[in-house]
Amino acid sequence: MYEMNEINRAHFECLPSTQDYAKSRRGEGKDLIVTAGEQTGGKGTKGRAFVSSKGGVYLTRLKFYENFPARDAFLVMASAAVAVCETLREYGVTPMIKWANDVYVNDKKICGILIENVFRGNEIASSLTGIGLNVCNRLPKELSGIATTLEEATGKIFDVEEVTTRLIKELSIPRTMQEYLSYVGYMGREATLIFGDRSIHGTLLSVDEEGGLSVKTDEGVLRVTAAEVSVRF
């Protein structure tokens with residue numbers, strides 16, 4: 001492990017989880033970026049595991065805020081997704097966001113994002129933004145039909161540290177919901193909404209300025225949030 005203090009970054013060759021390590025240092029009250037060459041216990045959304053073999057970008061950003069209204073919490077996720085998309089565009093691919101927090105290239109998942117916010121009253125005190133971006137890591141056979149890497153999408157070899165540095169730079173740029181919405185895709189497509197142990201079939205209609213997803217179902221048009229539902233095609 002080594003720390004790059006000029007950008008408040010801690011890097012490890014191998015770590016169980018960048019998210020857990022960043023969380024362990026939250027008590028210091030300082031912004032921090034944690035990266036790892038690989039993870040042995042990578043975390044996805046809703047408790048799922050995230051495959052994190054050597055060759056990918058595995059990063060968690062710990063950020064503290066002042067006067068950040070809780071009602072704007074979705075912007076944390078939206079900003080991270082835009083940063084990933086802007087990074088990927090620099091390498092010649094066309095990314096698309098699958099609501100709410102996955103980035104796709106060529107209809108395959110290339111990046112997952114995990115957000116954990118800490119609230120103080122009606123404000124966000126801090127957030128953990130975990131990003132797993134497939135660059136030149138080898139994917140398990142069972143994921144070959146649904147996931148991709150930057151190397152697979154372009155046929156080129158990449159320097160993972162260069163991609164990491166570019167992503168960190170993009171994460172430092174303020175983003176808007178309009179930028180997020182410009183990358184959102186798959187509207188008009190049929191999908192299954194999963195609410196815990198219950199599921200509903202419907203057609204994706206649109207994502208609004210607050211990050212809510214509207215879906216046409218047999219029960220009418222529903223508006224759902226990322227906290228309550230997962231979307232499966």
Exercise for the section: Any chance you could lay out the side chain to side chain contact (heavy atoms under 4.5 Å, CB included) test for Val84 and Ile131, step after step, and finish with the verdict? Expected result: CA-CA 9 Å; Val84 171; Ile131 297 174; 4.0 Å; yes
Practice task
Kindly determine whether Val34 and Phe12 satisfy side chain to side chain contact (heavy atoms under 4.5 Å, CB included), including the steps that lead there.
Solution key: CA-CA 8 Å; Val34 182; Phe12 297 80; 4.2 Å; yes
Practice task
Test Val93 against Thr154 for side chain to side chain contact (heavy atoms under 4.5 Å, CB included), laying out the working first.
Solution key: CA-CA 7 Å; Val93 297; Thr154 63; 3.3 Å; yes
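- Other residues, nucleotides and ligands contribute only 12 or fewer heavy atoms inside 6.0 Å of the NZ atom of Lys54.
- Tracing side-chain contacts under 4.5 Å through hydrophobic residues (I, L, V, M, F, W, Y), one never reaches Met77 starting from Val118; they form parts of separate clusters.
- Under the 4.5 Å side-chain heavy-atom criterion for Ile, Leu, Val, Met, Phe, Trp and Tyr, Tyr183 and Ile173 are members of distinct hydrophobic clusters.
- In this structure, Leu205 shares a hydrophobic cluster with Val221, the cluster being traced through Ile, Leu, Val, Met, Phe, Trp and Tyr side chains under 4.5 angstrom apart.
- For the residue pair Ser53 and Glu38, the shortest heavy atom distance occurs at C-CB, 4.1 Å.
- Heavy atoms of other residues, nucleotides or ligands lying less than 6.0 angstrom from CG of Asp218 number 12 at most.
- For Glu151 and Lys156, the salt-bridge test fails: no basic side-chain N is under 4.0 Å from an acidic carboxylate O.
- One distance of note links CG of Leu114 with CG of Asn101; it measures 8.0 Å at 0.5 Å rounding.
- Taking all atoms of both residues into account, the shortest heavy-atom contact from Pro16 to Thr40 is CA-OG1, 3.2 Å.
- Note that Arg166 lies in the cation-pi zone of Tyr91, set by a 6.0 Å cut-off to the ring centre and a 45° limit from the axis.
- Note: Leu193 CG to Ser199 OG = 8.5 Å, rounded to the nearest 0.5 Å.
- Figure legend: cation-pi geometry between Arg189 and Tyr186 absent, as NZ or CZ is not positioned both under 6.0 Å from the six-membered ring centre and within 45° of its axis.
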Practice task
May I have the step-by-step check of side chain to side chain donor-acceptor pair (under 3.5 Å) for Glu190 and Thr203, ending in yes or no?
Solution key: CA-CA 4 Å; Glu190 294 186 356; Thr203 302; 4.6 Å; no
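- When all heavy atoms are compared, the tightest approach of Asn117 to Ser127 is OD1-CB, 3.0 Å.
- Taken to the nearest 0.5 Å, the CG atom of Asp72 stands 10.5 Å off from the OG atom of Ser79.
- In the model, Gln178 has no side-chain atom that pairs as donor or acceptor with a side-chain atom of Ser182 under 3.5 Å.
- Minimum interatomic distance between Phe74 and Met177 (heavy atoms only, all atoms of both residues): CD2-SD, 3.8 Å.
- Side-chain contact of Thr35 with Arg9: a donor-acceptor pair under 3.5 Å is present, judged by distance alone.
- In this structure, Leu88 CG and Leu133 CG are separated by 5.5 Å, a value rounded to the nearest 0.5 Å.
- With Asp159 contributing its side chain and Glu161 its backbone, the two residues share a donor-acceptor pair below 3.5 Å.
- If you take OG1 on Thr164 and OH on Tyr58, they are separated by 10.0 Å, rounding to the nearest 0.5 Å.
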Exercise for the section: Would you please test Val231 and Thr192 for side chain to side chain contact (heavy atoms under 4.5 Å, CB included) and show each step? Expected result: CA-CA 6 Å; Val231 174; Thr192 299; over 6 Å; no
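- Figure legend: Lys98 and Phe233 shown as a cation-pi pair, the cationic atom lying under 6.0 angstrom from the six-membered ring centre and within 45 degrees of its axis.
- Electrostatic pairing of Glu170 and Arg175 counts as a salt bridge here, judged by a charged N lying under 4.0 Å from a carboxylate O.
- Checked against Val160 for a side chain to side chain contact (heavy atoms under 4.5 Å, CB included), the options Leu150, Asn137, Val57 give a single hit: Val57.
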Practice task
Go through Gln39 and Thr18 one step at a time and tell me if the side chain to side chain donor-acceptor pair (under 3.5 Å) criterion holds.
Solution key: CA-CA 8 Å; Gln39 297 180 118; Thr18 59; 3.3 Å; yes
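- Closest approach of Ala22 to Leu128, counting heavy atoms only: CB-CD2, 3.6 Å.
- Judged by distance alone, the side chain of Thr60 and the main-chain N or O of Gln19 form a donor-acceptor pair under 3.5 Å.
- Closest approach of Ala153 to Val105, counting heavy atoms only: CB-CG1, 3.9 Å.
- The pair Asp208-Arg223 meets the salt-bridge criterion, with a side-chain N (NZ, NE, NH1 or NH2) lying under 4.0 Å from an Asp/Glu carboxylate O.
- In this structure, CG on Asn8 lies 11.0 Å from CZ on Arg61, to the nearest 0.5 angstrom.
- With a 6.0 Å radius and a threshold of 12 heavy atoms from other residues, nucleotides or ligands, Glu142 has its CD atom above the threshold.
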